[in-house]
Every structure is written in structure tokens, then in C-alpha cells.
Peer 1: 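Let me begin by handing over the structure; questions about it come next.
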Amino acid sequence: MSALISYAHSLVDKGLESLNLLEKRQVGWMTKDRKTGIYVREQQHLTKKLKLLLLFSKPVEWIDTTWAGRYYLHEKNDEEKIKEEKAKSKEEIKGFIDYFGINMGDYEPSDPDTYDTFQAFFTRHHRPGARPIAASDDDNIAVCVADSRVVVYDTVTQTKELWIKGKNFSISNLLNDPTLAAPWSNGSVASFRLSPQDYHRYHSPVSGTVKWWKELDGEYYDVDPICLQSDIDILTANARSAICIDSPAFGLVLFVAIGAVDVGTVKLDPKFMTEGATVRKGDEVGMFEFGGSSIIVAFEAGRVAFDEDLREVSLEKVMMDVEVGMRLGEAARKL
């Protein structure tokens, strides 16, 4: 009888825990806050969660052989861009801040009323000093490129086994160019995912010079882990911009900014579109407009040692909640 009562109590506890998560809208992927060490589910609209579970289920993937979903996402993306650029969109800002609990003290300007449109708010700047760059004078230390959730893997093969399950994911397909992709064919990969509530400017992980850059047209799939772990090749299908940074400490470093649903544009700073330009880690590379998005940073094999805390949670298939400028790893061959 005591075992039965104990089991009943555990069911009640689970039910109450689920209701608490729903109340806090914590129905997204499991993450670990790097600052506190606490595991928590990401805040996400329940309707969005259910939609993704349906759209990226095996039956729907099999049925949608016409790729009608792609056309829908393109149309939806265009509609969102028009909507968020209008002055009326300003009315959404305060509700959005309250819903996601955004600390406006980290941003400049901090007063929501100073933003003329939701787009202006979405591409907001950090206030000076809000995101210090780790070991700013040591080029042997690489840093996180965005306020985001990240997983890191030592090889592309490991990345495919544990995280990005698309049938044809490879650096070659990501760049649509086997020759350009050769340095990272089985290199180390850091995959950053940004949610709509995040700061949507992104920064250089290393210091060096711009070797080349290119833009690739594509789709606007969501980059939620549910989507990444489906058979659809999300990251190699979405619109993206790629940059190669030649770093004395890390060798050739690939930075790929990838658009997603509700992301109108992947914009690069002109400096990062200038071959031979000198860049410092922490420099702003560019920004996303609207929605969620993703960034892939790849290192040549054997050139980076990712921080152990990031490696450990990634092997658990849990994303680490990080901020721009936090440590990512260090050069395996020090300067």
C-alpha cells in the first residue's frame, strides 16, 4: 500500500510540475544557465511548440513531398517583415518585454518608448559594458558570438550523431562549395541558436583577417531543436551568410549566420565583407531582423579545445544558455 501511495504522490508531483512549467511558458528545449548552473526549459509559446511537433513529425515530413510548407514560410516571412516595420508595431514592444522577462537595463536605449517600431526594438544594442569580452587581450581565447543557447562538438561526425540530424548536413553543403569547405570537412563545430527574445546582433569569436565571404539564398525553416533533429536539412536549406576569418591562433575559422522563420534579413557589417580587413574578437559581425535564427562556427580539426562545461552538457543534448563574449574555448596550438 505504501508503494502505491508513493507512486500516486509522484504522479501528482509530475502533474503539478508540468502545470508550473506551462504557467511559466517553459515548454521549449532543456537548457542550462551557464551563470547559475540551473537546468530550465526555454520559454516558448505552447502553440508554437505543438505546431513544430506536428510539422516536423515523420508522417508530415513524408506527406509534404511538394514542399508546400516552404512556400508558406516564405509568404509568412514577407508578411511579418511588412508588419514589424510599421509604426503600429510599437504597441507590441512592452507586452513582448513582459512576456519574456527581458532586462532592458542591458540595452541602450533602455526605455521601450524610444523605439519607433518593433523592428527597431528587435535590433537593439547592448549598453556599453553589458557584455564584457573574456580575456580581451588574449587571442588564444575564443568567445561566444551571441546571446543564445549553444552546443559544441569536436567533429562534424559527432555533431550529426547527436544534434543536427538532417540527412545531408555537412560543411560542404552548408557553403554549397566543396572546395571552400575543405578546411572544416570534419572540424569542430559550435552551433548557436537565438530565440525571438534574444539580442539579435552577433559578434566575432576570434581575432584575425577576413579571407572571404559569401551569401546563399534559401528557405526560412524554424531552427528549434525539434526541427534540427528531423530528417529535413534545416541549416543547409535556409538563407545564410558565410565568412572565413584567418586567425593566427585558430587557423581558418568559419562563421555562418543562418536565417529562420520570421527573420527578414541576415545583415553583415561592411568590414566583414571586405577581404583582408582586420577584425578583433567581440567585433560586431552583423544582425538578424525578426524571429529566431542560428549561427554555426567551425574550426579546423585539432585547432580548438572547447570549454569542458560546454562539452559536457552538449553530450547530454542539452543547450547551454550563454551571452556574447563568454568563453567558448582556447587555441589548441597557442601563439
Side-chain angles (χ1 to χ4, degrees), residues 34 133-136 138-146 148-164 169-193 202-214 228 235-236 240-258 268 272 275 277-283 285-286 294-315 319-320 322 324-335:
R34 197 178 195 183
I133 304 302
S136 59
D138 186 355
D139 287 345
N140 291 297
I141 304 299
V143 298
C144 294
V145 303
S148 58
R149 284 135 294 281
V150 66
V151 288
V152 299
Y153 296 109
D154 292 331
T155 64
V156 171
T157 301
Q158 191 180 43
T159 305
K160 291 179 68 175
E161 287 173 353
L162 294 173
W163 193 249
I164 303 171
F169 175 77
S170 67
I171 302 298
S172 177
N173 287 337
L174 189 64
L175 297 179
N176 199 22
D177 188 322
T179 303
L180 280 182
W184 310 283
S185 59
N186 200 28
S188 303
V189 175
S191 176
F192 299 85
R193 182 174 60 82
Y202 40 88
H203 298 252
S204 180
V206 298
S207 298
T209 57
V210 176
K211 189 175 178 67
W212 54 257
W213 72 280
K214 68 179 296 188
L228 294 182
L235 299 183
T236 57
R240 54 207 183 275
S241 294
I243 303 160
C244 173
I245 301 172
D246 192 352
S247 165
F250 292 93
L252 298 179
V253 178
L254 178 66
F255 184 108
V256 186
I258 303 166
L268 298 180
F272 284 85
E275 292 182 13
T278 300
V279 299
R280 296 288 304 164
K281 69 175 178 180
D283 284 354
V285 177
S294 185
I295 296 164
I296 293 287
V297 176
F299 298 84
E300 295 177 89
R303 294 304 300 262
V304 66
F306 289 126
D307 284 358
E308 195 58 33
D309 64 329
L310 299 180
R311 293 182 73 254
E312 286 176 359
V313 295
S314 299
L315 291 174
M319 304 198 84
M320 186 74 89
V322 296
V324 172
M326 284 184 172
R327 274 185 57 118
L328 177 64
E330 62 183 44
R333 308 173 196 170
K334 300 254 188 332
L335 288 174

Peer 1: For the backbone of Leu174 and the side chain of Arg240, can you confirm whether one donor and one acceptor N or O come within less than 3.5 Å of each other?
Peer 2: yes

Peer 1: Between Leu175 and Ala181, which heavy-atom pair has the shortest distance, and what is it?
Peer 2: CD1-CA, 3.8 Å

Peer 1: I would like to know whether Asp307 and Arg34 meet side-chain contact (heavy atoms from CB on, under 4.5 Å); could you show each step before the answer?
Peer 2: CA-CA 12 Å; Asp307 284 358; Arg34 197 178 195 183; 3.0 Å; yes

Peer 1: Restricting to pairs with a member in residues 176-189, which pass side-chain hydrogen bond (donor to acceptor under 3.5 Å, both in side chains), not counting sequence neighbours?
Peer 2: Thr157-Asn186

Peer 1: Which atom names give the shortest non-hydrogen contact between Ala134 and Lys281, and what distance separates them?
Peer 2: O-NZ, 3.0 Å

Peer 1: Where is the tightest heavy-atom contact between Asp309 and Met320, given as atom of each residue plus distance?
Peer 2: O-CE, 3.6 Å

Peer 1: Counting distance only, does the side-chain N/O of Thr209 pair as donor-acceptor with the main-chain N or O of Thr278 below 3.5 Å?
Peer 2: no

Peer 1: Side-chain contact, heavy-atom cut-off 4.5 Å: Ser204 with Phe272?
Peer 2: yes

Peer 1: Decide yes or no for Ser207 and Arg280: does some side-chain heavy atom of the first lie under 4.5 Å from some side-chain heavy atom of the second?
Peer 2: yes

Peer 1: Restricting to ring-ring contact (aromatic ring centres under 6.0 Å, His included), what partner residues turn up for Phe250, sequence neighbours left out?
Peer 2: Phe299

Peer 1: If I take atom CG from residue Leu254 and atom CD1 from residue Ile171, how far apart are they, to the nearest 0.5 angstrom?
Peer 2: 6.0 Å

Peer 1: What is the distance from atom CD1 of Ile141 to atom CE of Met326, rounded to the nearest 0.5 Å?
Peer 2: 15.0 Å

Peer 1: Taking all atoms of both residues into account, what is the closest heavy-atom pair of Ala249 and Ala331, and its distance?
Peer 2: O-CB, 3.5 Å

Peer 1: What pair of heavy atoms forms the shortest contact from Tyr153 to Ser314, and how long is it?
Peer 2: OH-O, 2.7 Å

Peer 1: Flag the pair Leu315 / Gln158 as yes when at least one side-chain heavy-atom distance between them is below 4.5 Å, and no otherwise.
Peer 2: yes

Peer 1: Given Leu268 and Tyr202, is the side-chain contact (heavy atoms from CB on, under 4.5 Å) satisfied, shown in steps?
Peer 2: CA-CA 9 Å; Leu268 298 180; Tyr202 40 88; 3.9 Å; yes

Peer 1: Within the structure provided, determine whether Val206 and Asp139 are in side-chain contact (heavy-atom separation under 4.5 Å).
Peer 2: no

Peer 1: Around atom NZ of Lys214, are there more than 12 heavy atoms from other residues, nucleotides or ligands closer than 6.0 Å?
Peer 2: yes

Peer 1: Rounded at 0.5 Å granularity, tell me how far CD1 in Ile245 sits from NZ in Lys211.
Peer 2: 13.0 Å

Peer 1: Kindly give the heavy-atom pair with the smallest separation between Arg149 and Met319, and that separation in Å.
Peer 2: O-CE, 3.3 Å

Peer 1: Please round to the nearest 0.5 Å and tell me the distance separating atom CG of Leu328 and atom CG of Leu310.
Peer 2: 6.5 Å

Peer 1: Got Asp138 and Glu330 here, is their nearest side-chain heavy-atom distance under 4.5 Å?
Peer 2: no

Peer 1: Hey, could you give me the CH2/CZ distance between Trp213 and Phe255, rounded to the nearest 0.5 Å?
Peer 2: 14.0 Å

Peer 1: Taking side chain as C-beta onward, heavy atoms only, is Val145 less than 4.5 Å from Val285?
Peer 2: no

Peer 1: Under the criterion side-chain contact (heavy atoms from CB on, under 4.5 Å), I'd like the reasoning laid out for Val143 against His203: C-alpha separation, chi angles, the key distance, then a yes or no.
Peer 2: CA-CA 9 Å; Val143 298; His203 298 252; over 6 Å; no

